[in-house]
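What follows is a set of notes on a single structure, which appears directly below.
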Amino acid sequence: MPKLKVDGIEVEVPPGSTVLQACEAIGVEIPRFCYHEKLSIAGNCRMCLVEMEKSPKPIASCAMPAADNMVIKTDTPMVRKARHGVMEFLLINHPLDCPICDQGGECDLQDQAMAYGRGDSRYGEMKRAVKDKNMGPLVKTIMTRCIHCTRCIRFAGEIAGVEELGATGRGEDMEIATYLEKALDSELSANIIDLCPVGALTSKPYAFNARPWELRKTESIDVMDAVGSNIRIDARGAEVMRVLPRLNEAVNEEWISDKSRFACDGLRRQRLDRPYVRHDGKLQEASWPEAFEAIRARLGGLAGDRIAAIAGDLACAESMVALKDLLAALGSPHLDCRQDGAKLPAASRAAYLFNSTIAGIEQADAIVLVGTNPRWEAPLVNARIRKRYLMGGLKVAVIGEKLALTYKIQHLGAGPETLAELAAGHHPFAEMLKAAKKPMLILGQGALARADGAAVLATARQLAESCNLVREGWNGFNVLHMAAARVGGLDLGFVPGNGGRDVAGILDGASSGAIEAVYLLGADEIDMARLGRAFVIYQGHHGDAGAHRADVILPGAAYTEKNATYVNTEGRVQLARIATFPPGEAREDWKVLRALSDALGRRLPYDTLAAVRKRLVEVNPVFASVDAVAPAGWGAFGSAGAMGAAPFVSPVRNFYMTDPISRSSQTMAECTEAFVKPKLGVGKPDAGKTGTHG
């Protein structure tokens, strides 16, 4: 390991480290614009210049490898003069937009001009002007401000995997643009807003809405998919103004998907802010006591086996455990959190987890994707696979749709027949899996949410065992979820009890009259027409499909409006924190269920959030460890049987609209118009038959 001196302090750094990293290892700040830890080194802004002994001129510390016996000085007259000069050159053409620039207050150029600049300029010439580029409905461009750091180009090509950004011209004529002036088409595109060190790329939906110092910042968790990306929610008053990524190397690194970032405007639209009760076929406003009385009057004389509950994809663990306890008190075994009908058992935790962990993808050397489109179902998982692919030596195979992913794939087949061949060892790729050091299977909901899902799961387990995916210190069997609530629901056992019905059984029972009351906890993705004449109670935060069918509506809180627990696809327990209060008379979901239990004469035994979380730990000890992944024991799961011939198809047809919040978002509607509809060929005979993106 190289040893060098920085400002008189000896430091030892790992091989391959740069001088800039060596400086930061001892806490010496080095200014930079083009350098970023997650991107390749460009070395083109020259702001990171430092003095090296025996070198006649300053060196770019971001591009200089650290070596033994180097002597580096970071604060000498030579360094200060060099930085003054670089900053002066950068500001020659930069417009004086700070009073009206959305980057103001969090701008690297602004901060570094104050810290390292001259304070004046010797250039009085006219500044250049550059035409703004159209990058779609999410990224606003003011390209006259661009300092050509090329971070956006490197992110698009390296992380997002879309070669759609580049530079044209040289010197003063250089411009950053998309090819053919098309919109930037990637599920991760808006991360270039965070990367841009100036105000050249800013958020189009957020433009001119607020200044950073006006916002109240809350660290929380995203629920737009099952990755559990760490986010920061910026709110002003009762309104969420924006969502930004928060660093967590084990989950989302420092990126988030465009849906996670921009669907927050859906929190302002189509909200349920008061209870409703249906009278004479029409929903009418009601008070909480009136809504509870309507439920009590209907459920009071019903036997428990005629009552059922379905938990939706955004439900938190606190609300699910409260609803489960209430159903148990009413004597009902009919409950399910798998509203898409996925055949996942709650008894074996390894059967429904992403066992390798998301960070573990970086160790894999062979991956088989079965019935999933990770680019739409979990963009951050897809970005990890691409990151591993760029390291070299990774083979990725797909069973299902032919997808346009951001890395090279080998399409093995379309459906269960190919999976069975692979599990039996009759497919050539099976030998590659057996020879791999850390092989991985990623099983999507497109393979599990089918009538033969249990048989598919059993075959996938057979593949994992026959091809040595599960071995000492490594479990390569992974289920990729799309619903933020799913793993938490399975951990809590929110599945049918003895003699209980699953979602399909509940819908069949409601259609036939065997089930007379159905409680929908934010469940909007089921076929409402199959609820028949059942009495439907809907508890949720948006006026989506469930609210339209409901006989009683109980307004709940969205993920930004409550302190709640979620478990991501890898089994990591994480906490969402309240950033704003629920609108109107809406309340946190577990509190609604606690109050309802009182009205029904089945009082739940907890009155505080701490007591509810204690109950979570009683049901399953995994809830005691926050931000940790406990390895799950391997065992038998799935049901051997015949599999159908239908090919595996990803259930996501529109990445931008997958839940009540994103369906209420104007920004997501604009993205659908710009990116999804042209690819689906809206208006053509084959409209809607393809799910590829990019």
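This is a predicted model, so every value here is computed, not measured. All residue numbers in this chain count up from 1 along the given sequence.
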Please step through side chain to side chain donor-acceptor pair (under 3.5 Å) for the pair T565 and E318, ending with a clear verdict.
CA-CA 7 Å; T565 304; E318 288 85 353; 2.6 Å; yes

Check whether any side-chain heavy atom of [X] sits under 4.5 Å from a side-chain heavy atom of [Y], and report yes or no.
X: I442; Y: P374; value: no
X: K5; Y: M70; value: no
X: I9; Y: V6; value: no
X: L575; Y: I221; value: no
X: R122; Y: E88; value: yes
X: T74; Y: I30; value: yes
X: P583; Y: E561; value: yes
X: N563; Y: R613; value: yes

Distance from [X] atom [atom1] to [Y] atom [atom2], nearest 0.5 Å?
X: S61; Y: E24; atom1: OG; atom2: CD; result: 8.5 Å
X: R388; Y: I385; atom1: CZ; atom2: CD1; result: 11.5 Å
X: I361; Y: K438; atom1: CD1; atom2: NZ; result: 13.5 Å
X: C101; Y: E106; atom1: SG; atom2: CD; result: 9.5 Å
X: L215; Y: I233; atom1: CG; atom2: CD1; result: 12.5 Å
X: M657; Y: M668; atom1: CE; atom2: CE; result: 8.0 Å

So does [X] pair up with [Y], basic N to acidic O under 4.0 Å?
X: K204; Y: E670; value: no
X: K81; Y: E51; value: no
X: E254; Y: K38; value: no
X: E175; Y: K133; value: yes

Donor-acceptor check, side chain of [X] to backbone of [Y], threshold 3.5 angstrom: yes or no?
X: S189; Y: D185; value: no
X: R375; Y: T406; value: no
X: K54; Y: V71; value: no
X: N252; Y: W255; value: yes
X: T150; Y: I153; value: no
X: Q363; Y: G360; value: no
X: R572; Y: T569; value: no
X: Q21; Y: T18; value: yes
X: R236; Y: N209; value: yes
X: E588; Y: A557; value: no

Side chains of residues 190-200: which donor-acceptor pairs under 3.5 Å do they make with residues two or more places apart or in other chains?
from : atom 1 : to   : atom 2 : distance (Å)
N191 : OD1    : I256 : N      : 3.2
N191 : OD1    : R261 : NH2    : 3.1
N191 : ND2    : L188 : O      : 2.9
N191 : ND2    : I256 : O      : 2.9
D194 : OD1    : R261 : NH1    : 3.2
D194 : OD2    : R261 : NH1    : 3.1
D194 : OD2    : R261 : NH2    : 2.7

Nearest non-hydrogen partners of [X] and [Y], listed with the distance:
X: E187; Y: W376; answer: OE2-NE1, 3.3 Å
X: L314; Y: V223; answer: CD2-O, 3.4 Å
X: G237; Y: R216; answer: O-NH2, 3.0 Å
X: C671; Y: P137; answer: SG-CG, 3.9 Å
X: D225; Y: A378; answer: OD2-CA, 4.3 Å
X: A483; Y: A226; answer: O-CB, 3.5 Å

Criterion side chain to side chain donor-acceptor pair (under 3.5 Å) against N230, the qualifying member of Q574, E219, E249
Q574

Side chain to side chain contact (heavy atoms under 4.5 Å, CB included) with L201: of M135, R151, K140, Q103, only one passes, and it is M135

Result for side chain to side chain contact (heavy atoms under 4.5 Å, CB included) between R269 and one of Q666, R663, H542 points to Q666

In this structure, are over 12 heavy atoms from other groups packed under 6.0 Å from [X] atom [atom1]?
X: M114; atom1: CE; result: no
X: F581; atom1: CZ; result: no
X: K3; atom1: NZ; result: no
X: K387; atom1: NZ; result: yes
X: M1; atom1: CE; result: yes
X: E172; atom1: CD; result: no

Give a yes/no verdict on a cation-pi contact between K408 and Y389, requiring under 6.0 Å between NZ or CZ and the six-membered ring centre and an angle within 45° of the axis.
no

Working note: M87 + F33, criterion side chain to side chain contact (heavy atoms under 4.5 Å, CB included); need CA distance, chi angles, decisive distance, verdict.
CA-CA 11 Å; M87 183 60 69; F33 291 114; 3.9 Å; yes

Check step by step if side chain to side chain contact (heavy atoms under 4.5 Å, CB included) holds for V652 and N373.
CA-CA 8 Å; V652 179; N373 178 0; over 6 Å; no

So, Y123 and N93: side-chain donor and acceptor under 3.5 Å apart, yes or no?
no

Looking only at the side chains, is there a donor atom on one of S40 and E158 sitting less than 3.5 Å from an acceptor on the other?
yes

Please walk me through it: do Y656 and D258 pass side chain to side chain donor-acceptor pair (under 3.5 Å)?
CA-CA 8 Å; Y656 298 100; D258 291 348; 4.7 Å; no

Report the C-alpha distance between D102 and S203 in whole Å, list the side-chain angles of each, state the deciding distance to 0.1 Å, and finish with yes or no for side chain to side chain donor-acceptor pair (under 3.5 Å).
CA-CA 8 Å; D102 266 334; S203 169; over 6 Å; no

When you look at H36 and F155, which way does the side chain to side chain contact (heavy atoms under 4.5 Å, CB included) test go after all the steps?
CA-CA 10 Å; H36 190 276; F155 174 84; over 6 Å; no

